[in-house]
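Reading through the structure tokens given below for one structure.
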Amino acid sequence: MKKLVLIDGNSIAYRAFFALPLLNNDKGVYTNAVYGFTTMLLKIIEEEKPTHMLVAFDAGKTTFRHKTFDEYKGGRQKTPPELSEQFPLVREMLDAFNISRFEVENYEADDIIGTLAKDASEKEYEVKVYSGDKDLLQLVSDKVTVILTKKGITNVEAYDEALISEKYGITPKQIIDMKGLMGDSSDNIPGVPGVGEKTALKLLKEFGSVEHVLDSIDQVSGKKMKEKLEQNREQAIMSKELATIYLEVPFETELDDLSFGDYDKQKVVAIMKELEFTSLVTKFDTEGAKAQELDEITYEVLETIEKRHLSDEAALIVEVLSENYHQANIEGFAIVNEKGRFFIQTDHALNSKDFVDWLKDESTKIAVFDAKRAVVALGWKGILLNGVTFDLQMASYLLDPSLSSHEISDVAKRKDKGQVQEDEVIYGKGAKQKVPEQEKVAEHLVRKADALYQLKPVLEKELKDNSQEELFRELEMPLSIILGRMETTGVKVDKEQLENMGTDLEGRLRDLEQKIHELAGGTFNINSPKQLGEVLFEKLELPPIKKTKTGYSTSADVLEKLAKDHEIVEYILHYRQLGKLNSTYIEGLLKVTKEETNKIHTRYNQALTQTGRLSSTDPNLQNIPIRLEEGRKIRKAFIPSEPGWKMVAADYSQIELRVLAHISGDEKLIEAFQTDMDIHTKTAMDVFHVNKEEVTSNMRRSAKAVNFGIVYGISDFGLSQSLGITRKEAAQFIERYLASYPKVKEYMDNIIEDAREKGYVSTLLQRRRYLPDLTSRNFNKRSFAERTAMNTPIQGTAADIIKKAMVEMSSKLEEENLKSRMLLQVHDELIFEVPVEEMETMMKLVPEVMEQAVKLDVPLKADVSFGETWYDAK
DNA sequence: AATGGCACGC
DNA sequence: GACGTACGTGCCATTA
């Protein structure tokens with residue numbers, strides 16, 4: 001069946017404008033109304049799947065209604081200029097979607113919609129009308145549904161005859177009579193004074209229409225009402241006339257002209273990108289992006305790969321599709337070099353001695369995308385890849401870590417080199433991901449290799465211009481290989497230990513659950529914040545301290561405040577704590593432990609964080625509990641993979657604050673570290689102006705929180721939260737801190753100024769972070785950017801340092817022929833497994849290498865310890 | 001499949 | 001005067 005969707009353009013744009021905050025893109029163009037409008041369009045297209053579509057706009061200022069009543073729509077607020085300027089963008093978007101739009105002189109959007117709705121229903125179309133204006137309800141029939149915006153923009157309500165009758169007790173046609181009686185202040189339709197919705201509906205239920213009410217005034221109850229109706233006869237008739245949608249608007253357009261479906265997705269995406277609707281682009285791209293038109297590319301599919309196809313310099317694609325590349329399939333290879341463009345099937349490639357030898361050759365210069373992925377995936381198959389000198393992902397990340405994607409396709413577009421489709425277009429995503437026929441894969445891989453080949457010199461030049469060559473070549477590239485080796489080595493877990501802990505936890509969780517249900521007087525899901533909120537704040541009537549956007553907050557800090565009010569709370573907190581341990585750590589870790597070896601192989605993401613830190617996934621081994629003893633026991637399950645070996649852990653002591661002392665040059669801080677003082681006590685002494693003996697545990701706690709704030713760039717609000725004090729007090733704390741360390745204050749001020757001028761901040765080893773928001777007019781954005789400017793050089797330099805230590809540590813292990821293995825990195829900590837005979841060496845070597853990784857004006861300090869398990873290495 | 005709330009580490 | 005306030009990962013519940 002044919003389906004026509006009619007959209008009241010002005011009404012939806014208005015709704016979107018007022019429902020959304022005033023967004024703008026980086027060119028300062030306001031975009032909230034276009035954004036809302038587009039969201040609505042996408043939703044309509046997806047849900048309604050219309051065969052025909054039209055957006056109607058109001059034309060000009062005067063319409064035929066002004067002849068009837070020249071004050072029609074009088075007193076209306078002028079359209080805000082921030083909205084008016086968005087209408088051309090809305091039209092542009094509609095054109096990209098190939099959606100018909102028009103306006104007709106002298107008529108309103110309503111009339112166009114009414115006329116078409118009538119025409120279409122006569123031709124047996126299903127008609128859906130989208131608007132925010134209740135007037136349109138008069139169009140509802142068995143063929144026509146009117147969908148009104150309720151709240152926001154995508155929250156809507158569909159009105160059919162039944163719903164109108166249920167809500168108002170009248171027919172759609174009587175909506176006009178209702179308006180005639182009650183008027184409409186937004187359109188300046190007068191109606192009958194003193195008659196509102198209630199009275200109008202009552203009258204209509206009794207008399208049926210405006211005319212019948214007026215004919216039967218003597219039967220209307222109430223003297224006052226009779227008088228009013230009598231006095232406003234003409235006004236009521238006129239109001240009804242004004243509210244009536246005109247169904248005979250003259251225009252040429254035929255329904256067939258409104259067909260919808262065929263449009264240029266690239267064009268839509270282009271506009272979305274221009275307006276910075278990134279979330280919509282991703283959504284839209286994956287939903288329906290058709291293969292874009294690309295220029296042809298020539299390549300050979302090689303069955304046997306020989307020396308004549310290979311050369312010292314090449315771009316290589318090792319296509320590993322699964323997100324987790326450990327023991328993963330390789331879908332194929334592509335090579336682009338001066339000899340041509342080649343695709344090779346995986347089995348052909350790995351069976352070719354020439355090819356495998358070429359991969360192993362250390363003297364080649366191979367460019368890849370995501371070196372670690374390629375090396376690790378090949379490594380699991382027993383193939384060495386040794387000649388990688390360029391990783392496009394890494395280069396793009398170092399040049400600008402804030403970019404949301406460093407994918408070849410995106411870098412290619414950004415730099416306008418090569419034509420590459422996004423992987424998602426070729427393979428799909430989620431459950432629908434699949435590998436298409438070989439021809440498609442071959443072309444895609446070749447295009448990627450080709451782009452890589454072209455992009456390498458471009459990004460190399462940029463790295464050089466940024467003085468980031470060394471960071472790239474000497475630090476991150478070697479580190480990626482080292483991390484790959486750590487991941488492949490994996491860390492052994494004592495499964496039985498985990499399982500036993502799990503059994504214990506499950507028992508205790510059951511007991512706690514029972515106790516909680518008892519105290520609550522009924523069963524509910526404690527894991528559901530919604531249900532928990534109802535129990536605590538409604539059933540038990542505890543004071544709701546904080547709200548979230550969906551209901552009551554039940555977070556730990558709220559519960560802690562409630563603990564004194566009801567016994568149940570401490571049980572819930574305990575339940576949460578144990579539940580977390582069981583689901584995330586016990587079950588989570590068991591799930592990812594490799595059966596045959598009892599090893600866990602995490603993956604580090606080296607091209608993600610804005611500061612230069614690593615992150616770890618699948619599982620995340622950088623957030624294994626330590627703070628509470630209960631959780632810390634999880635670490636007992638991490639053990640050496642060889643009998644008799646031990647775990648060795650070394651962590652930097654206060655590395656960030658030492659970095660701060662170095663870059664600020666603050667004498668007091670430097671001295672504190674040179675004499676290896678307890679830095680939090682020292683801070684307390686300086687901030688509270690007391691001597692060492694007078695520092696109370698509370699003073700030290702506050703000082704520690706301030707130091708924490710410095711390291712992580714938190715706001716006065718953040719500090720107030722962690723100390724449980726007011727924002728003002730927190731701000732004073734920070735002020736006093738800065739007054740105590742004037743050089744730190746100077747550094748903070750200077751770095752912001754410097755970053756504003758240059759547009760970015762850098763770390764010791766030239767890592768960069770751009771901060772465009774430093775000049776934002778938005779106070780929040782600007783403050784955030786300022787804190788980032790102060791914090792990133794500190795945290796980023798600390799990241800540089802430990803990375804450098806890792807590279808050096810790796811060389812040392814190799815040079816000295818040590819069997820010890822580096823296993824994990826947790827931001828300021830390195831974990832090794834070490835054979836007994838190397839214990840002495842390693843206990844000395846590891847902290848030495850870490851402490852000497854860079855030379856600062858303060859000493860670096862690394863504490864090292866060992867044990868049978870990670871837990872014992874403390 | 002996406003979003004929100006919560007909690008873990010640094 | 002309000003905004004919404006280190007980052008990153010992963011679990012569970014809820015909703016679409």
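Quick note: numbers below take in every heavy atom, side chains included, and nothing from hydrogens, waters or symmetry partners. Chain naming here is simple, since letters A, B, ... match the order of the sequence lines and numbering starts at 1 in each. The shown structure was predicted, so the numbers you read here are calculated from the model rather than taken from an experiment.
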Pairing residues for [X] by the side-chain contact (heavy atoms from CB on, under 4.5 Å) criterion, not counting sequence neighbours:
| X | result |
| --- | --- |
| S528(A) | N525(A), K530(A), Q531(A) |
| A556(A) | E560(A), L573(A) |
| L321(A) | E319(A), E331(A), Y427(A), Q433(A), V435(A) |

Mind jotting down which residue pairs meet the salt bridge (Lys or Arg N to Asp or Glu O under 4.0 Å) criterion with at least one end in residues 600-613 of chain A? Sequence neighbours excluded, please. R603(A)-D618(A), R613(A)-E656(A)
Please give, in whole Å, the distance from [N] [atom2] to [X] [atom1]?
| X | N | atom1 | atom2 | result |
| --- | --- | --- | --- | --- |
| M748(A) | dA6(C) | CE | P | 15 Å |
| Q622(A) | dG9(B) | CD | P | 13 Å |
| E534(A) | dA13(C) | CD | P | 15 Å |
| R769(A) | dA6(C) | CZ | C1' | 9 Å |
| I545(A) | dC6(B) | CD1 | P | 13 Å |
| E323(A) | dA1(B) | CD | P | 13 Å |
| R727(A) | dA2(C) | CZ | C1' | 11 Å |
| I634(A) | dG9(B) | CD1 | P | 11 Å |

Quick check, are the ring centers of Y741(A) and Y737(A) under 6.0 angstrom apart?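 Yes, ring centres under 6.0 Å apart.
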Nucleotide nearest [X] (side chain, heavy atoms from C-beta), chosen from [options]:
| X | options | answer |
| --- | --- | --- |
| T548(A) | dG8(C), dG5(B), dC10(B) | dG5(B) |
| I714(A) | dA1(B), dC10(B), dA6(C) | dA6(C) |
| S715(A) | dA6(C), dG5(B), dC10(B) | dA6(C) |
| I626(A) | dA1(B), dC8(B), dC10(B) | dC10(B) |
| K549(A) | dC10(B), dA6(C), dG4(B) | dG4(B) |

Can you see if the side chain of [X] gets near the phosphate of [N] - specifically, an N or O under 4.0 Å from OP1 or OP2?
| X | N | answer |
| --- | --- | --- |
| K530(A) | dC6(B) | no |
| T609(A) | dG8(C) | no |
| R576(A) | dA7(B) | yes |

Scan residues 778-785 of chain A against DNA chain C and write down, sorted by residue number, each residue with any heavy atom closer than 4.0 Å; if none is found, say none.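 Hits under 4.0 Å, by residue number: F779(A), N780(A), F784(A).
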[N] versus [M] - spacing of their [atom1] atoms, nearest Å:
| N | M | atom1 | result |
| --- | --- | --- | --- |
| dA2(C) | dA7(B) | C1' | 30 Å |
| dC8(B) | dA6(C) | C1' | 15 Å |
| dC6(B) | dC3(C) | C1' | 24 Å |

Using atom types as modelled, flag every donor-acceptor pair under 3.5 Å from a side chain in residues 701-709 of chain A to any protein atom, sequence neighbours excluded.
residue : atom : partner : partner atom : Å
R701(A) : NE   : N698(A) : OD1          : 3.2
S702(A) : OG   : N698(A) : O            : 3.0
N707(A) : ND2  : H680(A) : ND1          : 3.1
N707(A) : ND2  : T683(A) : OG1          : 3.0

So, [X] and [Y]: side-chain donor and acceptor under 3.5 Å apart, yes or no?
| X | Y | result |
| --- | --- | --- |
| Q393(A) | Q606(A) | no |
| Y604(A) | K372(A) | no |
| S616(A) | T602(A) | yes |

Those residues that, when tested against D872(A), pass side-chain hydrogen bond (donor to acceptor under 3.5 Å, both in side chains) (two or more places apart):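 Partners of D872(A) by the side-chain hydrogen bond (donor to acceptor under 3.5 Å, both in side chains) criterion, ordered by chain and then number, come out as T869(A).
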According to side-chain hydrogen bond (donor to acceptor under 3.5 Å, both in side chains), who are the partners of S322(A), at least two apart in sequence or on a separate chain? none
Do R768(A) and Y760(A) form a cation-pi contact, if we require the NZ or CZ to be under 6.0 Å from the six-membered ring centre and within 45 degrees of the ring's axis? yes
Is a donor on one side and an acceptor on the other found under 3.5 Å between the side chain of R782(A) and the backbone of S776(A)? yes
Counting only N and O atoms by type, is there a donor-acceptor contact under 3.5 Å from the side chain of Q610(A) to the main-chain atoms of P401(A)?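 Yes, the answer is positive, given that a donor and an acceptor are paired below the 3.5 Å cut-off.
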Take a 6.0 Å sphere around CD of E630(A) and say whether it holds more than 12 heavy atoms from other residues, nucleotides or ligands. yes
Taking only Watson-Crick and G-U wobble pairs with both distances under 3.5 Å, what dot-bracket line describes DNA chain C, where [ ] shows pairs that cross earlier ones and | shows pairs with another strand? ......|||||||||.
Salt bridge (charged side-chain N to carboxylate O under 4.0 Å, His left out) against R632(A), all qualifying residues, sequence neighbours excluded: none
Need one value for [X]: base, sugar-phosphate or nothing, where a base atom within 4.0 Å counts as base even if backbone is also close, heavy atoms only.
| X | value |
| --- | --- |
| L581(A) | nothing |
| Q531(A) | sugar-phosphate |
| R613(A) | base |
| V826(A) | sugar-phosphate |
| E656(A) | nothing |

Nucleotides 10-12 of chain C: which of its N/O atoms have a protein N/O under 3.5 Å away?
residue : atom : partner : partner atom : Å
dG10(C) : OP1  : D618(A) : N            : 2.6

Within residues 550-563 of chain A: residues closer than 4.0 Å to DNA chain B (heavy atoms):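 Correct list: T550(A), S553(A), T554(A), S555(A), A556(A).
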